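Here's the structure, in structure tokens; my notes come after.
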Protein chains: 2
Amino acid sequence: MAVGIKDVARIAQVSPATVSRVLSGRSVDPAMHERVLAAVKSTGYRPNLAARRLRSQHTNTIGLIVADIRNPFFTAVSRAIESLAAARGMRVILCNTDEDPAKEAAYLELMHEERVTGVILAPCRQHPHKSALPAPDYPLILIDRSLPGSALDSVLLDNDAMAEQLVRHLHEQGHRRITGLFGSASSTGIERRAGFERAMLDLGLDAEAIAVPHDTATAQRMVVERLTAPDRPDAILASNGVLLLSVLGALRDLGLSVPGDIALAGFDNNDWMEFVGTGLSVIEQPVEEIGRTAMTMLLDRLDHAEAPARKVVLAGRLIARGSSAPRTPTPTPA
Amino acid sequence: MAVGIKDVARIAQVSPATVSRVLSGRSVDPAMHERVLAAVKSTGYRPNLAARRLRSQHTNTIGLIVADIRNPFFTAVSRAIESLAAARGMRVILCNTDEDPAKEAAYLELMHEERVTGVILAPCRQHPHKSALPAPDYPLILIDRSLPGSALDSVLLDNDAMAEQLVRHLHEQGHRRITGLFGSASSTGIERRAGFERAMLDLGLDAEAIAVPHDTATAQRMVVERLTAPDRPDAILASNGVLLLSVLGALRDLGLSVPGDIALAGFDNNDWMEFVGTGLSVIEQPVEEIGRTAMTMLLDRLDHAEAPARKVVLAGRLIARGSSAPRTPTPTPA
DNA sequence: CGAGCATGAGAAAACGTTTTCTGAAACGAT
DNA sequence: ATCGTTTCAGAAAACGTTTTCTCATGCTCG
């Protein structure tokens, strides 16, 4: 039924080895080369990847494990990585953990069973007690979030500096009472909070930073509470996308408009953001660059298994919107 | 270096066959069972999936090829399918064609080489001359879009009826001059247009339907042109997400507000939609149901290869927003 | 002109499992 | 008690490739 390399060999009147050589582009006699190609075409032969991987011992496959496939940032990074991998003739297995440490662990395990060349991982927000994952036997590159305990290769946004840039932007727009909302479970939230607090301090302002749970309903309730309390802020900085939506929900419930009543800023640029109010100012992440860097580090790590762990920190780009006097975006060096 | 089943067998003092049997849950002597498990744990043995797949001849893997991973609809369906597959102990390979027929063809080819159990495909908008793909040797289920030429299993939204529902909704809100924008390259666009035109006709209204290219800039320009021409519509129906954003861009450029100056409705519900203006009315697709149906049809097809092709058409749900007098959503049977 | 060497193609081994085959032991039926 | 049947575990084959090994051919160079 299914056509194998032996069938092709028989039809081309060569040995299976020769077919293999032709298919992997090694030099063979032109006449045979011709015959093999013809036989492949006539039989519709497709190599069995399982067999190929078993024998050749390399899978040309990298695993990409992201924490939330619904987050546009992750889909953008996935696209970038997928296309870089394809250019190198590699496949990528895309996995989604839904921020579930158990699923993450299961997928890391699976990657092992797949004998992948390496893995790029955006780890879960909250990690189990043993935050350090057991040293895997494939190269592992972290993106977007770092892991407190372990020293692993990672490529991250300069969260600290980007939060500062957002604060300064809001300050330039005349806002003084700025409240920051931060997820407390992830390294990004913590770093962004640090940058926020430092920037506010530098500007001589009170830094009101609130740690907010990931749960949307609770977050929104907390925001409503804060906005109805005395000394309502004139600007809010949300450290991630779901938080930003919670704030929008709270503002709508309270009948407040952006940026008329209150300014709003956050992270990750989405196509719809220019359409709520007169726009949200955000930090856009260099997804292409993140993907490329992660890929490069991964391939590099294959050659230098014992090199010390590297951490690459990339700058984002401020997309300034929502001001009455529109400013041009400030480009940052890549 | 790498530990194989033979190492486990040696340590457990049984044959490799017995290890295999234990691991696949077949009954063995309790004492041996115990020893094998202990040996597996002590060695950290992980089976080689390539070898397993080669020998057992089934991959327990399904391919999921979507046209645009950035489209939230597709990520939602992916999540659903992934979780259904996991529940059945199957893996899914997620591929993104970026609406490129060449990439689609390459991925279908790749699925063959992976010897997948089956494939769920959301085909590209525009298909090459030979729109019918060559009959694959795995079950193939289409989702979201159908292929004009070929009779394949497919699960689709009832685009015609949903477009009609949107039109009636707009009509109930008092809108009469409704313009529909439709992508002309996909079956969904064509079906939605048909439903739109029929519904308008039923209501005794002029159906102004405009075919719009997928390119955002061009689309936006066309919308601006239409809105500055005489007889400006008081409602716009956009047949897909990117079109909807183009309309929003045009409205912003023209300084028009939603729904104050003009109503806007579309397909696919996104979390941000309640925050532009006072909300956009949309048809929400039953992603969970779509995933489950596709999966069921796929597994079913494995047993009944020769059964006639089936087409399942699912109803969506109207999310009514943006009216001055808020209405409750109309639930439709699933 | 012959020895050594590069080239290239077929034969056969190898990759790490699962599955079939084989034989021994245990059990039930006559 | 004997024979047949079932159960269970080990030996060995098989899955479809790639790669190593082997050998023949043709070439270069001394």
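Quantities reported herein were computed from a predicted structural model and do not represent experimental measurements. Here is the naming used below: chain letters follow the sequence lines, and residue numbers restart at 1 for every chain.
- Contact of B:Arg55 with C:dT18 (side chain to base): a donor-acceptor pair of N or O atoms is detected under 3.5 Å.
- OP1 or OP2 of D:dT18 sits under 4.0 Å from a side-chain N or O of A:Arg52.
- Rounded to whole Å, the distance from NE2 on B:His58 to C1' on D:dC15 is 12 Å.
- Between B:His58 and B:Arg53, the side chains place no donor N or O within less than 3.5 Å of an acceptor N or O (distance only, hydrogens not considered).
- Contact check for B:Arg46 versus A:Arg115: side-chain heavy atoms found under the 4.5 Å cut-off.
- Distance B:Arg53 CZ to C:dC15 P: 20 Å, rounded to the nearest Å.
- Every side chain to side chain contact (heavy atoms under 4.5 Å, CB included) that A:Arg310 has, sequence neighbours left out, goes to A:Asp153, A:Met297, A:Asp300.
- Between B:Gln57 and C:dT19 there is no side-chain N or O to OP1 or OP2 distance below 4.0 Å.
- As a whole-Å value, the separation of A:Leu54 CG from D:dG16 C1' is 9 Å.
- You'll find the side chain of A:Val22 stays beyond 4.5 Å of the side chain of A:Met32, heavy atoms only.
- The 12-atom threshold is not exceeded at CD of A:Glu34, counting heavy atoms of other residues, nucleotides or ligands nearer than 6.0 Å.
- Using modelled atom types and a 3.5 Å distance limit, the side chains of A:Ser15 and A:Thr18 yield a donor-acceptor pair.
- Shown here for A:Leu108 and A:Tyr138, the closest heavy-atom pair between the two residues is O-OH, 2.8 Å.
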Distances under 3.5 Å between protein N/O atoms and the N/O atoms of nucleotides 26-28 of chain D, please, pair by pair.
none

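- Of the residues in residues 11-25 of chain A, A:Ala17, A:Ser20, A:Arg21 come within less than 4.0 Å of DNA chain D through at least one heavy atom, sorted by number.
- The separation between B:Asn60 atom CG and C:dT17 atom C1' is 15 Å, rounded to whole Å.
- Whole-Å rounding puts the A:Arg26 CZ to C:dA9 P distance at 12 Å.
- Between the side chains of A:Glu82 and B:Asn96, not a single donor N or O lies within less than 3.5 Å of an accepting N or O.
- Put simply, CG on B:Asn48 is 13 Å from C1' on C:dA14, counting in whole angstrom units.
- Considering only side-chain N and O atoms, A:Ser27 lies under 4.0 angstrom from the phosphate OP1 or OP2 of C:dG8.
- One can place NE2 of A:His33 at 17 Å from C1' of C:dT7, the figure rounded to the nearest angstrom.
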### Query
When you look at A:Arg91 and B:Glu114, which way does the salt bridge (Lys or Arg N to Asp or Glu O under 4.0 Å) test go after all the steps?
CA-CA 11 Å; A:Arg91 276 203 344 97; B:Glu114 294 273 7; 2.7 Å; yes

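- Between B:Asp7 atom CG and C:dT17 atom C1' the separation is 13 Å, expressed in whole Å.
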